[in-house]
Protein chains: 2
Amino acid sequence: MLSKKAKYALKALLVLAREQGHGPILIGDLALREGIPKKFLEMILLELKNHGLLQSKKGKGGGYFLAKPAEQIFFGEVVRILDGPLAPIPCVSQMAYMTCEECQDEESCGVRLVMKQVRDAIAEILDGTSLADAAKRVERVRRRKHTA
Amino acid sequence: MLSKKAKYALKALLVLAREQGHGPILIGDLALREGIPKKFLEMILLELKNHGLLQSKKGKGGGYFLAKPAEQIFFGEVVRILDGPLAPIPCVSQMAYMTCEECQDEESCGVRLVMKQVRDAIAEILDGTSLADAAKRVERVRRRKHTA
DNA sequence: ACATACCCTACTATTTCTATAGAGTTCATG
DNA sequence: CATGAACTCTATAGAAATAGTAGGGTATGT
């Protein structure tokens with residue numbers, strides 16, 4: 001399950017991706033535009049900044065902007081920062097592996113075998129999709145809708 | 001994230017799948033064998049029974065056994081019973097769809113587009129893997145390990 | 001009758017999630 | 001250099017979910 005934190009983060013990042021190059025954007029604007037509680041979003045963006053995904057400018061004319069091109073920020077990275085490992089179970093996590101205490105033989109655990117497959121499928125999608133990719137797909141949907 | 005409940009359930013079911021046809025198995029035996037708190041497992045198995053995956057017999061010589069062939073019980077079903085929808089976000093869930101209140105236009109939401117992909121990938125794996133499938137894979141690993 | 005073993009409800013402790021509050025810091029501008 | 005805009009950071013708090021525990025009830029084989 002994706003937390004609201006991660007969902008809000010991704011929504012805000014997608015706006016920032018779209019507006020990239022047009023100068024900093026206010027937290028308040030992002031919050032208003034995406035229907036996110038402002039104070040909550042403040043915390044989230046700060047965390048993303050501290051992990052190097054965003055940069056900010058204080059004072060008048062300030063705001064947030066992407067620290068790197070939208071092509072280089074992936075969904076997987078964002079989710080890992082805010083929600084932790086992608087793996088559905090710690091014994092198949094790449095970034096936060098932990099054995100199950102109750103497991104007799106991890107290698108031949110049926111649950112683990114299947115959950116490993118799930119982890120890999122999730123990781124392939126989320127680590128293979130950048131903000132730019134998602135933004136492009138959104139554009140395509142919007143255009144199709146508009147034309148129809 | 002898979003809850004311990006679902007993990008324990010799947011572990012117990014895999015044992016029952018393996019022992020299918022050899023009569024009922026005691027909760028206590030399952031608990032001991034898989035390192036699961038007995039009372040907790042009791043609750044879990046009951047829930048699975050109430051959803052039609054298991055049958056039971058009371059009194060001496062009693063215990064639990066699968067209600068249908070291991071080929072017809074899928075990981076997806078078990079996880080849905082114990083943890084709810086597979087979808088990482090309610091707006092892409094098949095069984096428990098809910099709109100995000102804050103979303104302006106769901107159809108062109110980038111987060112949703114990507115999470116839909118994730119849901120489908122998870123569902124394909126979990127709804128495509130039966131207890132029998134997993135048991136077979138476990139057997140294969142064990143044999144390989146033994147031979148080597 | 002009696003022991004065995006599942007059935008069921010309720011409760012509790014801990015943790016996680018979703019925020020909110022409020023004071024502090026930096027910066028542009030007049 | 002004062003002022004206000006805007007981000008920074010820590011602490012706190014209420015609600016919900018998670019992971020169990022307790023304890024009695026019910027059916028069954030001998």
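What you see below is based on every heavy atom in this structure, not just the backbone, and it leaves out hydrogens, waters and symmetry mates. Below, read A as the first sequence line, B as the second, and so on, with proteins coming before strands; counting in each chain starts at 1. Predicted, not measured: the structure shown is a model, and the values here were computed from it.
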For nucleotides 28-30 of chain D, tabulate all protein N/O to nucleotide N/O atom pairs closer than 3.5 Å, reporting atom names and distance.
none

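Residues B:Gly63 and A:Lys38 both approach DNA chain C. Their nearest nucleotides, taken by heavy-atom distance, put B:Gly63 toward the 5′ side.
A single hydrophobic cluster is not seen to contain both B:Val118 and B:Leu113; linkage of ILVMFWY side chains at heavy-atom distances under 4.5 Å, directly or through other members, places them apart.
By the side chain to side chain donor-acceptor pair (under 3.5 Å) test, B:Arg137 pairs with A:Gln117, sequence neighbours left out. Taking the ring pair (Phe, Tyr, Trp, His ring centres under 6.0 Å) definition, one finds that A:Phe40 meets it with A:Tyr8, sequence neighbours left out. B:Glu71 is linked by a salt bridge (charged side-chain N to carboxylate O under 4.0 Å, His left out) to nothing, counting only residues two or more places apart in sequence or in another chain. With sequence neighbours left out, A:Lys49 forms a side chain to side chain donor-acceptor pair (under 3.5 Å) with A:Ser56. With sequence neighbours excluded, the residues that form a salt bridge (charged side-chain N to carboxylate O under 4.0 Å, His left out) with A:Glu42 are A:Lys39. The side chain to side chain donor-acceptor pair (under 3.5 Å) test applied to B:Lys5 returns no partner, not counting sequence neighbours.
The nearest whole Å value for the distance from the NZ atom in A:Lys4 to the P atom in D:dA16 is 12 Å. Counting to the nearest Å, the P atom of D:dT21 and the CD1 atom of B:Ile36 are 13 Å from each other.
Of the residues in residues 72-93 of chain B, none has a non-hydrogen atom less than 4.0 angstrom from any atom of DNA chain D. Of the residues in residues 40-53 of chain B, those with a non-hydrogen atom less than 4.0 angstrom from any atom of DNA chain D are B:Phe40, B:Met43. For DNA chain D, the residues of residues 16-33 of chain A within the heavy-atom distance limit of 4.0 Å (strictly under) are A:Ile25, A:Leu26, A:Ile27, sorted by number.
Between B:Ile44 and B:Ala9, the shortest heavy-atom contact is CG2-CB, 3.6 Å. The shortest heavy-atom contact between A:Lys11 and B:Cys103 is NZ-SG, 3.3 Å.
If you walk DNA chain C from 5' to 3' and mark each nucleotide with an atom closer than 4.0 Å to a heavy atom of chain A, the marks span C:dT18 to C:dA28.
Looking only at distances, no side-chain donor or acceptor of B:Arg119 sits under 3.5 Å from a matching main-chain atom of B:Pro88. Between the side chain of B:Asp83 and the backbone N or O of B:Leu2 there is no donor-acceptor pair closer than 3.5 Å.
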Contacts table for residues 120-132 of chain B: side-chain donor-acceptor under 3.5 angstrom, sequence neighbours left out:
{"unit_1": "B:Asp120", "atom_1": "OD1", "unit_2": "B:Lys116", "atom_2": "NZ", "d": "3.2"}
{"unit_1": "B:Asp120", "atom_1": "OD2", "unit_2": "B:Lys116", "atom_2": "NZ", "d": "3.1"}
{"unit_1": "B:Asp127", "atom_1": "OD1", "unit_2": "B:Arg80", "atom_2": "NH1", "d": "3.0"}
{"unit_1": "B:Asp127", "atom_1": "OD2", "unit_2": "B:Arg80", "atom_2": "NH2", "d": "2.9"}
{"unit_1": "B:Thr129", "atom_1": "OG1", "unit_2": "B:Ile125", "atom_2": "O", "d": "2.8"}
{"unit_1": "B:Ser130", "atom_1": "OG", "unit_2": "B:Ala132", "atom_2": "N", "d": "3.3"}
{"unit_1": "B:Ser130", "atom_1": "OG", "unit_2": "B:Asp133", "atom_2": "N", "d": "3.0"}
{"unit_1": "B:Ser130", "atom_1": "OG", "unit_2": "B:Asp133", "atom_2": "OD2", "d": "3.1"}

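Classification of B:Arg142 and A:Glu107 as a salt-bridged pair fails, no side-chain N sitting under 4.0 Å from a carboxylate O. Using a cutoff of 4.0 Å between basic side-chain nitrogens and carboxylate oxygens, B:Arg33 and B:Glu19 are scored as salt-bridged.
One finds a side-chain N or O of A:Ser56 lying less than 4.0 angstrom from the OP1 or OP2 phosphate oxygen of D:dT8.
The neighbour count for B:Lys38 NZ, taken as heavy atoms of other residues, nucleotides or ligands under 6.0 Å away, does not exceed 12.
Applying the 3.5 Å distance criterion, the base of D:dG23 shares a donor-acceptor pair with the side chain of B:Lys39.
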